[in-house]
Number of protein chains: 2
Amino acid sequence: MIGFIYHERCLDPMNLRDLRYLLAVAEHQHFGRAAAACGISQPTLSVQIRKLETLLGVALFERTRRAVVPTTACERLIGHVRAAVAEADAMLAEARTLRDPLAGRLRLGIIPTLAPYLLPLVFAPLREALPALEVEPWEDQTAALLERLRAHDLDAALLATEVDGSDLASRSLFAEPFLAALPAEHPLAGRDVVAETELARDILVLADGHCLRDQALAVCGRGDGSGGTLRAASLSTLLNMVAAGYGTTLVPGLAAGAAQDAGIVLRPLAVPAGRTVRIVWRARFPRRAAVEAVGEVIATRLRGFAEAGARAV
Amino acid sequence: MIGFIYHERCLDPMNLRDLRYLLAVAEHQHFGRAAAACGISQPTLSVQIRKLETLLGVALFERTRRAVVPTTACERLIGHVRAAVAEADAMLAEARTLRDPLAGRLRLGIIPTLAPYLLPLVFAPLREALPALEVEPWEDQTAALLERLRAHDLDAALLATEVDGSDLASRSLFAEPFLAALPAEHPLAGRDVVAETELARDILVLADGHCLRDQALAVCGRGDGSGGTLRAASLSTLLNMVAAGYGTTLVPGLAAGAAQDAGIVLRPLAVPAGRTVRIVWRARFPRRAAVEAVGEVIATRLRGFAEAGARAV
DNA sequence: TCACCATGATAGGCTTCATCTATCATGAGC
DNA sequence: GCTCATGATAGATGAAGCCTATCATGGTGA
């Protein structure tokens, strides 16, 4: 909104305090009692009210021995005064609830290969541990999340990659192993353990931009990015393709349940590999405490997940 | 309205000025430019914003080399801040229009024997001379008007009696002669001049409480108040009774036209008598200028009325 | 009628705080 | 690596808010 005038130095001496004084005198119709209600001395109140009258150029009260009666001008003004003071008080009250760093909204970015599988696990613990914090998830790929984070459109993000830049800080939360995902009828499905290179032959990967795509290709020794012709838009699509026998892939551990539900066979890798999930925030973000609390809840919930996940297969 | 807290000394240092500073920084997203817009130095602005943050216990801005970005807490608060500042500005604007003492509402009491005849004469001149003044007439008897005046329910009153009490002040506006009012067929109607004592025999007067009642009786030498049995509620009723031949009365000059319209014969008194119309206000009323301006307009409009009225009969 | 009381205004001194100029710290860009 | 831009910090200064003490005034009661 344009049009506010900040520079009104001649009018600036008007204080919220003075407006409270005005309300007090209007209510008590008595300087002494109003002063007591405001916790100041009567002379101070008299001076301040007179100052306000001079400032406004309007007599606010008619002083009598008997009573102090608001003028009609005062009655016209006092509605605005009440509203201004009420808004200021509302602001203070709002600030009081916001004072708790573990309260308020926290916009949290999450990568697509993590969100559908992690969120159901941590939603309840977050609500329990941080009831005043409204975590707003935002799902997008790593690059987009980092851009939004740097643009202050997000407060933090859950990523599976290292981040660079001194403007960002991060903390690792948990390690997520990769598992070989095979169609039930696949030749490798009988093995206890699958070698990465064997997987590479008919591996399917996600579309560009997903960090999991590059990581899966790297694990299989296809770091040049020459994956198969299929580029699935989502991990869910990819799993359905594998289940249908179009090829193999690597799935992150948290998606194991979804993969098995689709009829996919999961096997550990001969040389265990995986990714580390981290929470990232701007180094200057003032509510670091909230971010770290969220990270702590997630890390606690996922503690021992890597081993448990590996055992479960 | 109860429930406002005046005594919040720990929170009081929050100033409207600081809120304007906050809005400026939020808009410019730059301390230097915001400071310039506020007409203060950048260090001052930095200190004040930090003070406000400390006071609220909430970080309001995330400072970067590149930009100064409002935090989500700030975004939640800024609506209230804008509203508070807007209300304060509205109050200042209202005060600016009220600053003119010749503007605003003026509640003016008028006695019933004067109002219907005076108001039509002075309404247009008042609107022309004091266009910003909203004169609100209030018709009642003298005692009620004085009570309302002292209770601040009226700002001034037009009376036809002297007022006592150091709490009130008054100014005489014009003299209003009394005229003998006779039915057309009345024996005295043929005279050029009527003696007061002759009138006294069958005089009709107003009900108790009308100052005109006592004044008429006094003029006729019936100061004991032993008037006729009729006690008319209004001068209009009284005139109709006279016109119907029930008796005589004294009418104030401004009502001459109405009396003649009713078919009443008017004659001057042998010993001219009348009443003085005054404007009365509380001695401590701060808008004395408005009252005196109204009085001046009325006095000017009625200048020379006593003679003109006497000649017209 | 006069002393007394209540109430708001005024005076003088003290303390706090908003403001300034000068300077520092830090990160971006050439 | 130097320079510029930007916000933070330090110390000095002046205004203003607050207090206690006192005055002025008008209503009240013996």
Side-chain angles (χ1 to χ4, degrees), chain A residues 6-22 24-26 28-55 59-70 150 165-168 282-284 286, chain B residues 6-22 24-26 28-55 59-70 150 164-169 282-284 286:
Chain A
Y6 314 116
H7 182 86
E8 291 212 31
R9 305 198 58 176
C10 51
L11 294 170
D12 239 354
M14 191 182 62
N15 214 317
L16 271 173
R17 184 170 15 94
D18 299 335
L19 298 188
R20 288 184 200 279
Y21 293 166
L22 168 58
V25 175
H28 290 89
Q29 311 222 339
H30 188 288
F31 276 76
R33 284 191 284 277
C38 295
I40 58 174
S41 70
Q42 169 265 314
T44 298
L45 185 61
S46 288
V47 168
Q48 291 308 103
I49 293 291
R50 185 159 297 283
K51 189 202 70 176
L52 193 57
E53 286 179 317
T54 305
L55 175 72
L60 293 170
F61 297 99
E62 201 175 324
R63 283 91 158 161
T64 315
R65 303 294 139 199
R66 284 288 176 74
V68 175
V69 185
R150 288 195 161 101
S166 59
D167 58 332
L168 297 180
R282 291 186 301 281
R284 293 180 179 273
Chain B
Y6 314 116
H7 182 86
E8 292 211 30
R9 305 198 57 176
C10 52
L11 295 170
D12 239 354
M14 191 183 63
N15 213 314
L16 271 172
R17 185 171 14 95
D18 298 335
L19 299 188
R20 288 184 200 279
Y21 293 167
L22 168 58
V25 175
H28 290 90
Q29 311 224 339
H30 188 287
F31 276 75
R33 284 191 286 276
C38 295
I40 58 173
S41 70
Q42 169 266 314
T44 298
L45 186 60
S46 287
V47 168
Q48 291 308 103
I49 292 291
R50 184 160 297 283
K51 189 202 70 176
L52 194 57
E53 286 179 318
T54 305
L55 175 73
L60 293 171
F61 296 99
E62 202 174 321
R63 283 92 159 158
T64 316
R65 302 295 140 199
R66 283 288 176 75
V68 175
V69 185
R150 288 196 162 100
D164 51 355
S166 60
D167 58 333
L168 297 180
R282 292 186 301 281
R284 293 181 180 272

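Proteins get letters first, then strands, A, B, ... in listed order; numbering begins at 1 in each. This one's a predicted model, so the numbers in the text were calculated from it and none came from an experiment. We use all heavy atoms of the structure for the numbers below, so side chains are in, but hydrogens, waters and symmetry mates are not.
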(request) To the nearest Å, give me how far apart CG (A:L52) and C1' (D:dA16) are. (result) 15 Å

(request) Take the protein atom CD1 of A:I40 and the nucleotide atom P of C:dT16, then report the distance between them rounded to whole Å. (result) 18 Å

Indicate every side-chain donor-acceptor pair of residues 41-48 of chain A with a distance under 3.5 Å to a residue at least two apart or in another chain.
from: A:S41; atom 1: OG; to: A:T44; atom 2: N; distance (Å): 3.4
from: A:S41; atom 1: OG; to: A:T44; atom 2: OG1; distance (Å): 2.9
from: A:Q42; atom 1: NE2; to: A:S46; atom 2: OG; distance (Å): 3.1
from: A:S46; atom 1: OG; to: A:Q42; atom 2: O; distance (Å): 3.4
from: A:Q48; atom 1: NE2; to: A:D18; atom 2: OD1; distance (Å): 3.1

(message) Tell me every residue that passes side chain to side chain donor-acceptor pair (under 3.5 Å) with A:R282, counting only those two or more places apart in sequence or in another chain.
(response) A:H152, B:E62

(request) If a protein heavy atom is under 4.0 Å from the base, mark B; if only from the sugar-phosphate, S; if neither, -; do that for nucleotides 7-14 of chain D going 5' to 3'. (result) BBB-----

(message) Using side-chain heavy atoms (C-beta onward) and a distance below 4.5 Å, is B:V68 in contact with B:H28?
(response) no

(message) Return whichever of B:D167 or A:S41 has its heavy-atom-nearest nucleotide of DNA chain D closer to the 5' end.
(response) A:S41

(request) Specify the separation, in whole Å, of atom NE2 of A:H28 and atom P of C:dT7. (result) 13 Å

(message) Could you tell me how far apart B:R282 (CZ) and D:dG26 (C1') are, to the nearest whole angstrom?
(response) 17 Å

(message) My understanding is that only residues two or more places apart in sequence, or in another chain, count here; which of them pass salt bridge (Lys or Arg N to Asp or Glu O under 4.0 Å) with A:R284?
(response) none

(request) May I have the distance from B:N15 (atom CG) to D:dA16 (atom C1'), rounded to whole angstrom? (result) 12 Å

(request) Using whole Å, report how far CZ of A:R150 lies from P of C:dA28. (result) 11 Å

(message) Just the rounded figure in Å: distance from P of D:dA15 to CZ of B:R17.
(response) 15 Å

(message) Is the phosphate of C:dA18 approached by B:K51 (side-chain N or O, under 4.0 Å from OP1 or OP2)?
(response) yes

(request) Answer whether the closest heavy-atom distance between the side chains of B:L52 and B:Y21 falls below 4.5 Å. (result) no

(message) If the condition is salt bridge (Lys or Arg N to Asp or Glu O under 4.0 Å), which residues does A:R50 pass it with, not counting sequence neighbours?
(response) none

(request) Specify the separation, in whole Å, of atom CG of B:L55 and atom P of C:dC17. (result) 12 Å

